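From a predicted model like this one, the values you see are computed outputs, not experimental measurements. Whatever order the structure lists them in is the order used to number ligands and atoms, beginning at 1. FYI, the numbering just counts along the sequence from 1.
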Amino acid sequence: MALLDIRNLSIDITTAQGKVRVIDKASLTIVDGTIHGLVGESGSGKSIIAKAILGLHNPSWTVTADRMFLGTTDLSKLSSPDRRKIMGKEIAMIFQHPRSYLDPSRKILSQIKEVLPHSSVRSRFINIVKPKKEQSVMRRINELLHKVGIQNGRSVLDSYPYELSEGVCQKVMIAMAVANSPRLIIADEPTNAMEAVTQAQIFRLLYKLNQLHNTAILLLSNNFGSISDLSDYITLVYCGQTVESGSYKQVMESPMHPYTETMIKTILNFDESIDHKSQLYTLPGNIPSANQLPIGCRLGPRCPRAQRNCVKNPDVVNYKGHIIRCHFPTLDENKHANTSQRK
Ligand code: SF4
């Protein structure tokens, strides 16, 4: 069952040069209890899509979508306060650079208390706390720290964010994110700039939350290799457009879009030997800036398969649940049958 269903999400941002369409008809379907990887280079629009889901709109944004449902709730029809309630309870967000999202002037204990469900939060505003209630709050906090693998809970709770490593701060952020048992966690490059060991710990932790508590996770990353094996479903986004989407098997074993094929080739395979100083596979050029977008397919100037027809924007086509936006996808005969255009 789809937990989050977004169809044709477009976001226009007003700039000094006029309106710029940074997200163009992006679609995303997250199945309940699964891990969904949203992959694309830096600047491709992943974080903007995440912010649109959470309703963290900048006033200069115009957000439109044909459909934006969380379960049976139409997110596009909710007022800002109602959207905020959903954000705290049903959807939680984990950011990159966790230290910058924690309040540097407050100890971890008071920051975790603040995100606990309402009955526990009151203790922050009332100085006289009943001992029994305080005990149950502390029990809950210790449970959360234990869940995210923080062993020395007492000293972490008694620390300021700058006294902790980036990895521990991220675990604290995850503890805060799961405090309300959300149905969906959006993790925006949660291991960016972390050491390899810490990265592995954070990914293992997210995987455990998914497996043990059936929490759906939307994992944003520019590193295909690091998240592909964790993901049940994968969506690739390029320059504000979702270009290919499907199950892990569909995307990794039978990629159809030139961008996906390139991203897969860029995953390093340490079992294969490569010639000394040989060039690693990459796409030529850089992702264009939002106010200098090419006409037609946005990948056109960098695409190894581009043809004259690509100056027209490609339609989105659904090949038995494997969704693709390209005039010339790689097709095998079995997939060619039974396709439909997705509106
Ligand atoms: S539509 Fe053309 S330019 Fe765009 S990805 Fe497909 S082949 Fe490449």
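Among the atoms of Cys297, an N, O or S atom falls under 2.8 Å of atom 4 (Fe) of ligand 1.
For atom 6 (Fe) of ligand 1, the nearest non-hydrogen atom of the protein is Cys326 SG, 2.2 Å. Cys310 SG, 2.2 Å is the protein heavy atom nearest to atom 2 (Fe) of ligand 1. Looking only at protein heavy atoms, the nearest one to atom 1 (S) of ligand 1 is His327 N, 3.3 Å. Atom 8 (Fe) of ligand 1 has its closest protein heavy atom at Cys303 SG, 2.3 Å.
Interface atoms of ligand 1 facing Phe328, defined by a heavy-atom separation under 4.0 Å, are 7 (S). For ligand 1, the atoms sitting less than 4.0 Å from at least one non-hydrogen atom of Gly300 are 3 (S), numbered in the order shown with element in parentheses.
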### Query
After noting the C-alpha distance and the side-chain angles of Gln250 and Lys320, does the key distance pass the side chain to side chain donor-acceptor pair (under 3.5 Å) rule?
CA-CA 10 Å; Gln250 286 171 325; Lys320 297 180 185 171; over 6 Å; no
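In the displayed structure, Gln151 atom CD is contacted under 6.0 Å by at most 12 heavy atoms of other residues, nucleotides or ligands.
In His257, the part holding a heavy atom less than 4.0 Å from any atom of ligand 1 is the side chain.
Between the side chains of Thr235 and His36, at least one donor N or O lies within less than 3.5 Å of an accepting N or O. Side-chain contact annotation: Tyr160 with Asp103, donor-acceptor N/O pair under 3.5 Å absent.
Connection of Val115 to Val156 is established within a shared hydrophobic cluster, with ILVMFWY side chains joined at heavy-atom distances below 4.5 Å, either directly or through further cluster members. Under the 4.5 Å side-chain heavy-atom criterion for grouping Ile, Leu, Val, Met, Phe, Trp and Tyr, Ile6 is not connected to Val31 through any hydrophobic cluster.
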